[in-house]
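Comments concern the structure below.
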Amino acid sequence: SMRGRLHFFPMAFGWRAFLLLHSVGLIVAESDLPTGAKLHNNTKSPLRTLGRYIVNNMNERVKLACVNWHGAYLDTHVVGGMELHPLDELTGRIKSLGFNCVRLPYSTQGVLENPVVSESAVAANPEFINKTMLELFDATIDSLSKQGLMVIINNHNSKSGWCCHFSQDEGLWYAPPYNEAIWIESLKFFAQRYKHPLVVGMDLRNEVHDYEDTFLTWGDGDPETDWNAAAERAGNAVLEVNPDLLIVVMSLCFGMDLRPMREKPTELMYPNRVVYQTHNYLEYQFFDNVSKMVGPWSLLRWYLMVLGVVLLLALQMLRICWRIDGKPTPPLGSLLISFGCWVFFVASIGLVIAVNVYILGVKFCAAAMKRDLPQWMAGTGSFAVGGLLLAVVGVVCLPHRSFFSEPQKDHGSSRSDDSNSIREHGSTGGVRSRRCCAHRASSFGRLRAACKRRNFSPQPPQVWDCCHCCGLQLVLLCVFLFGVVLFFYIWAHILPTYWWMERYLDHNWGFVLEEGKPYTAPVFMGEFGQEVMGHYWLKFMRYLSARDIDFAYWAIDGIKFAEGQIDITTGRFIPYPYPRYENETFGILEDDYFTVRHPWKMVQLQALMASPATWTPDTQPCTHDFHANCGG
């Protein structure tokens with residue numbers, strides 16, 4: 001639970017000025033900005049872990065309030081913005097926004113080949129023309145250090161370029177042609193090269209995930225798939241050359257799942273070095289796409305409620321018809337067969353959905369699918385088998401294998417009496433009509449007449465026949481549909497709540513922050529981003545605040561070097577004919593690399609920078625339409 005709200009104390013007017021000026025694109029002096037994260041005193045290096053926190057050599061809490069600065073891992077091989085501003089101005093801007101550290105990604109290929117950076121990429125820094133990737137990386141870390149900013153070096157990918165999609169082999173730490181030994185050598189190279197008190201951590205690998213038939217594991221010892229074992233080998237190799245670094249270990253499933261480490265925490269040659277990293281994109285994309293493609297959750301709940309009411313009205317109408325027909329009772333066998341077949345049908349649909357979710361899910365994370373889906377598949381499979389057995393029992397119970405009531409023979413009545421009965425009641429009283437539902441016209445006529453006189457008293461009972469059986473199927477269909485609608489209606493209330501997010505994230509990785517456990521360690525939210533102040537953003541920010549989590553926002557950049565785009569309907573990555581620069585929609589800065597893109601976002605991030613963070617969202621989020629004051 002939150003311990004309080006963020007109060008703007010005497011700077012309330014300054015905050016309003018900050019928001020107003022930035023909203024119209026004006027520049028605000030640093031003195032007008034809110035207080036940011038506390039800079040690390042490098043005389044108190046190196047950093048260590050103490051339970052769930054990162055601390056300095058005096059055991060004082062050091063909160064990492066970082067931002068990602070991308071570019072060096074791409075084909076440009078240099079951080080973004082150097083074509084527009086001198087390097088020191090860019091690092092100064094990062095500091096002025098309140099961040100105290102930068103996560104700096106690189107590619108293994110870039111380190112090995114060390115290409116000369118293009119002149120256009122450093123147009124505002126003529127002193128770096130004809131310089132190499134490593135020389136630019138040196139200069140970037142030197143400039144960040146002069147600003148007092150900590151640096152976490154991240155091995156983002158093997159081959160220079162955009163990542164990370166499930167169709168790419170970059171989810172493996174040994175993506176060809178760069179094997180595990182080359183990957184480890186690149187980490188050791190940087191660990192040796194930057195023995196600086198403000199270079200505080202080595203982030204071993206970005207967003208590990210399954211690739212094709214290679215399914216990552218944790219703790220099983222397989223050298224091809226065991227990410228924990230690979231992280232231990234790489235972490236120990238780094239600590240051999242630089243024992244002062246923190247070792248940042250990525251979670252499985254694109255950074256979403258740490259559950260396997262409950263049984264097997266990462267163990268290194270030196271204690272108090274491991275920091276686990278998580279990312280948060282896919283969960284946000286689910287909620288974002290629901291609101292974009294369907295509508296706000298409130299509208300979705302309204303649709304489901306209306307559909308539920310329609311189904312209840314249909315059931316009531318069927319009940320009235322049954323009552324007017326004299327409340328005929330189906331044979332037990334007929335009832336069991338109908339109910340069993342519907343249970344089998346619905347459960348089979350659930351099983352097919354579960355299997356397809358598994359097939360799709362293993363593209364992202366087989367480890368999570370193997371943990372979560374077997375219960376779903378076993379449950380739906382059991383219901384399907386149970387429904388089938390119930391139908392078989394119903395067949396056994398049927399008299400003479402008839403789906404309908406047995407004829408009630410009356411030897412004292414004549415054929416003419418039977419004919420009169422047929423005419424009067426629309427039924428043979430025991431001999432079924434040759435045409436199914438032949439007498440229903442009179443039944444519906446009685447229903448219309450009953451509606452006119454508003455008298456729905458039961459009529460003489462009818463024999464259970466083919467048409468009654470069809471009515472039973474309609475009843476069961478409406479019941480099952482209503483159950484499905486009710487299920488989604490309840491979850492449409494639960495899913496958008498903070499209560500659910502808190503339990504979901506705690507279940508997947510937040511449990512690591514619980515003190516006193518064998519697996520207790522700091523968690524570093526290494527990447528997350530948003531362009532709209534929606535429900536998900538506000539609840540996620542609340543979670544980061546309540547758990548006082550170290551973080552690195554993605555990204556500071558206003559533009560990105562893009563090689564393609566993801567089709568949200570198929571999940572496929574569609575490459576462009578030619579790479580190009582695009583707007584970085586999550587970026588903190590505009591494409592001028594100075595103006596704040598979304599002032600509301602910067603204010604909220606700054607509120608997380610203190611430790612402990614005490615921030616509760618009190619702004620109404622945008623839901624479906626993207627308004628100017630919300631971004632997007």
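Just so we're clear, the structure is a prediction, and the values are computed from it rather than from any experiment.
Q277 and D203 share a side-chain donor-acceptor pair at under 3.5 Å. For S251 and T278, the side-chain atoms include no donor-acceptor pair closer than 3.5 Å. Side chain to side chain, N236 and R273 fail the donor-acceptor criterion of an N or O pair below 3.5 Å. N155 and T108 form a side-chain donor-acceptor contact under 3.5 Å, judged by distance and modelled atom types alone. Side-chain contact of K601 with Y553: a donor-acceptor pair under 3.5 Å is present, judged by distance alone.
Cation-pi check for R262 over F511 is met; the charged atom lies under 6.0 angstrom from the ring centroid and within 45 degrees of its normal.
Dense packing is recorded around OH of Y211, with more than 12 heavy atoms of other residues, nucleotides or ligands lying under 6.0 Å away. The neighbour count for F383 CZ, taken as heavy atoms of other residues, nucleotides or ligands under 6.0 Å away, does not exceed 12.
Centroid-to-centroid, the aromatic rings of W554 and H70 come within less than 6.0 Å. Checked against the 6.0 Å centroid criterion, the rings of Y543 and W509 qualify as a close aromatic pair. Note: F190 and Y106 meet the aromatic proximity criterion, with ring centroids under 6.0 Å apart. Between F528 and Y281, a ring centre-to-centre spacing not shorter than 6.0 Å is recorded. Residues W173 and H156 keep their aromatic ring centres 6.0 Å or farther apart.
Y536 and F540 have parallel rings, their planes meeting at less than 30° on a 0 to 90° scale where 60° marks the start of perpendicular. Ring planes of W183 and W227: tilted class, angle from 30 to 60°.
Of the residues K264, E514, E263, the one that meets the side-chain contact (heavy atoms from CB on, under 4.5 Å) test with Y519 is E514.
At distances below 3.5 Å, at least one donor-acceptor pair connects side-chain atoms of T380 with backbone N or O atoms of M377. Remark: side-chain polar atoms of E207 are not paired, donor with acceptor, to backbone N or O of G255 under 3.5 angstrom. Under the 3.5 Å distance criterion, the side-chain polar atoms of D226 are matched with a main-chain donor or acceptor of A229. A distance-only check finds a donor-acceptor pair linking the side chain of H77 to the backbone of D75 [under 3.5 Å]. Judged by distance alone, with hydrogens and angles left aside, the side-chain atoms of D550 form no donor-acceptor pair with the main-chain N or O of F524 at under 3.5 Å. A side-chain donor-acceptor contact under 3.5 Å links Y174 to the backbone of E224. Judged by distance alone, with hydrogens and angles left aside, the side-chain atoms of S382 form a donor-acceptor pair with the main-chain N or O of A378 at under 3.5 Å. In this structure, K539 contributes its side chain and M501 its backbone to no donor-acceptor pair below 3.5 Å.
Sequence neighbours left out, the pairs with a member in residues 246-259 that pass salt bridge (Lys or Arg N to Asp or Glu O under 4.0 Å) are D257-R259, R259-D372. For residues 474-496, the set of pairs meeting the salt bridge (Lys or Arg N to Asp or Glu O under 4.0 Å) definition, not counting sequence neighbours, is empty. Listed by first and then second residue, the salt bridge (Lys or Arg N to Asp or Glu O under 4.0 Å) pairs that reach into residues 169-179 are K159-D169, K159-E170, E170-R205, sequence neighbours excluded. The ring pair (Phe, Tyr, Trp, His ring centres under 6.0 Å) analysis of residues 250-276, with sequence neighbours excluded, yields the pairs H209-F254, F254-F364.
Qualifying side chain to side chain contact (heavy atoms under 4.5 Å, CB included) partners for L513, counting only residues two or more places apart in sequence or in other chains: R52, V523, R547, I549.
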May I have the list of side-chain donor-acceptor pairs in residues 344-357 shorter than 3.5 Å, sequence neighbours left out?
unit_1, atom_1, unit_2, atom_2, d
S348, OG, F344, O, 2.6
N356, ND2, V352, O, 2.7

Check your understanding: Do E502 and R542 pass the salt bridge (charged side-chain N to carboxylate O under 4.0 Å, His left out) test, and can you show the C-alpha distance, the side-chain angles, and the key distance before you say yes or no?
Key -> CA-CA 9 Å; E502 184 178 43; R542 178 179 172 185; over 6 Å; no
Review point. Passes side chain to side chain contact (heavy atoms under 4.5 Å, CB included), V275 versus T49? Steps please.
Key: CA-CA 8 Å; V275 176; T49 66; 3.9 Å; yes
Exercise for review: Please test S186 against L112 for side chain to side chain contact (heavy atoms under 4.5 Å, CB included), starting from the C-alpha separation and ending with a verdict.
Suggested key: CA-CA 8 Å; S186 76; L112 293 178; 5.9 Å; no
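In plain terms, the two heavy atoms of G387 and V343 that are nearest each other are CA-CG1, 3.9 Å. When all heavy atoms are compared, the tightest approach of L304 to A492 is CD1-CB, 4.2 Å. Looking at every heavy atom in both residues, R371 comes nearest to P260 through NH2-CA, 3.5 Å. Annotation for V102 and C66: closest pair N-CB, 4.3 Å, computed over non-hydrogen atoms. Between G558 and R597, the shortest heavy-atom distance links the atoms O-NH2, 2.9 Å. Nearest heavy atom pair, residue A191 against residue L245, reads CB-CD1, 3.8 Å.
At a threshold of 4.5 Å between non-hydrogen side-chain atoms, the residues L336 and V395 do not count as touching. Between F482 and L312 the shortest side-chain heavy-atom distance falls below 4.5 Å. At least one side-chain heavy atom of D548 sits less than 4.5 Å from a side-chain heavy atom of Y53.
Ion pairing of E180 with R233 is present here, as a side-chain N (NZ or NE/NH1/NH2) and a carboxylate O approach within less than 4.0 Å.
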